[in-house]
Protein chains: 2
Amino acid sequence: MVDKSLKVLKDILRKEGLRFTSQRQSVWDEIRGSHEHRDAEDIYMCIRNNDVRVSRATVYRTIDVLVKNRLVRKMEVGDGRSRYEPRLDDEHHDHMICEETGDIIEFFNEELENLQEKIANDHGYTVVRHVHQLFVKPFPE
Amino acid sequence: MVDKSLKVLKDILRKEGLRFTSQRQSVWDEIRGSHEHRDAEDIYMCIRNNDVRVSRATVYRTIDVLVKNRLVRKMEVGDGRSRYEPRLDDEHHDHMICEETGDIIEFFNEELENLQEKIANDHGYTVVRHVHQLFVKPFPE
DNA sequence: TCCTTATTGAGATTGAGTCTCAGTGGAAAT
DNA sequence: ATTTCCACTGAGACTCAATCTCAATAAGGA
């Protein structure tokens, strides 16, 4: 598990002609280790709390590499801070954000995906990626 | 047309207990006058170029009022600058953003809207608002 | 081990957006 | 029309996430 993820990272760095460093490993480990949707500062602080020396700049730089290589997904919730989540398995999902509790629920709907592609096609395009967020509230009762 | 939009603005300001000022009128006129998706700096500069004295702070403050009162829709494209568009008629639409040309195409699909609500309902929520953006590219050839 | 050069960290910088506060002006009351 | 109150404005300071700079460090191939 750990070794496999490590290999994934090393392979990507090699492919990109980048060096494997302990900082890059720490950032990847930190993001991979939880499925929450975390911001860069949180990731940075958690790494530091584990007594690993790393700078904010390196955290941001490493995240960029991970996002570009699809190991991490970047998302905006609307408060100015980007959130990150690992994407070990390549399954895709969208997000439902509760405006009352801040909870983030993941969902996936095949029909929705197909509909999107159809709409794009109708306009002469094909979908490269998409952002779909439902800002919701619990049913009254 | 102009008078009607002006009345809409005045009504909202009155409702909110706010005063009608020439700056607020300028900001509303500027946004209302084009259907493009513009950022605050662009709106600010265009007003200044029309020889109207207004500050960035006032542009931001006025946009907030307009957004809160649903005269203007705010959207993020992912580059850190919010974009704004007028919503005179209350029709809703989503956006398709071409990653090659930067073109922004508006679209609306009833089926999509219903599907979203259904998905939220299945999780015990109701949709308050949503963000749906398709980042697309033209079909090859 | 040596050597090249990518990487790092500390801190400066950027840039969108917000805040402060003294001066201005809208508009209600007279 | 004048007064009076207090919301509004502008200039610029400030915030905060994210990026950049550059001297020092450390991969990792030879």
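Here is the naming used below: chain letters follow the sequence lines, and residue numbers restart at 1 for every chain. All values below were derived from every heavy atom in this structure, side-chain atoms included, with hydrogens, water molecules and symmetry-related copies excluded.
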Item to check | Whole angstrom value for the distance that separates P of D/dG12 from OH of B/Y60 | outcome: 17 Å
Next on the checklist: Both B/D79 and B/L18 contact DNA chain C. Taking the nearest nucleotide for each, which residue is further toward the 5' end?
Outcome noted: B/D79
Next on the checklist: Looking at B/N69 and B/V65, would you say the former's side chain and the latter's main chain have a donor-acceptor pair under 3.5 Å?
Outcome noted: yes
Item to check | Nearest-neighbour nucleotide for the A/A57 side chain, D/dA18, D/dC20, D/dG10 considered | outcome: D/dC20
Next on the checklist: So if I take every side-chain heavy atom of B/R81 and compare against C/dA16, D/dG10, D/dC8, which nucleotide ends up nearest?
Outcome noted: C/dA16
Checklist outcome for this item: Among C/dT20, D/dC8, D/dA18, the one nearest any side-chain atom of B/R61 is C/dT20
Next on the checklist: Rounded to whole Å, how long is the line connecting atom CG of A/D64 with atom P of D/dA17?
Outcome noted: 17 Å
Checklist entry - Between B/R14 (CZ) and D/dC8 (P), how many Å, whole number? => result 14 Å
Next on the checklist: For B/L13 and B/Y44, find the nucleotide of DNA chain D closest to each by heavy atoms; which residue's nucleotide sits nearer the 5' end?
Outcome noted: B/L13
Checklist entry - Is any side-chain heavy atom of A/H37 less than 4.5 Å from a side-chain heavy atom of A/E85? => result yes
Checklist entry - Would you find a donor on one side and an acceptor on the other, under 3.5 Å apart, between the side chain of A/W28 and the backbone of A/L71? => result no
Item to check | Nearest-Å distance for atom pair CZ/C1', residues B/R53 and C/dG23 | outcome: 12 Å
Item to check | SB check A/K68 A/E16 (cutoff 4.0 Å) | outcome: no
Next on the checklist: In this structure, how many angstroms lie between the P atom of D/dC16 and the CG atom of A/D39, rounded?
Outcome noted: 13 Å
Checklist outcome for this item: Taken to the nearest whole Å, CD/A/E16 to C1'/C/dT7 is 15 Å
Next on the checklist: At less than 4.0 Å, is any side-chain N or O atom of B/T21 found next to OP1 or OP2 of C/dG25? Yes or no.
Outcome noted: no
Checklist entry - Can you check the A/Y84 OH to D/dA17 P distance for me, whole Å? => result 12 Å
Next on the checklist: Expressed as a whole number of angstroms, how long is the span from B/R24:CZ to C/dG25:P?
Outcome noted: 15 Å
Next on the checklist: Between the side chains of B/R81 and B/E76, is the shortest nitrogen-to-carboxylate-oxygen separation below 4.0 Å, so that they form an ion pair?
Outcome noted: no
Next on the checklist: From C-beta outward on B/T58, which listed nucleotide comes closest to its side chain: C/dG11, D/dT9, C/dT8?
Outcome noted: D/dT9
Next on the checklist: Below the 4.0 Å mark, does D/dG10 have OP1 or OP2 next to a side-chain nitrogen or oxygen of B/Q23?
Outcome noted: yes
Checklist entry - Given that B/R19 and B/R56 both sit by DNA chain C, which one's nearest nucleotide is further toward the 5' end? => result B/R56
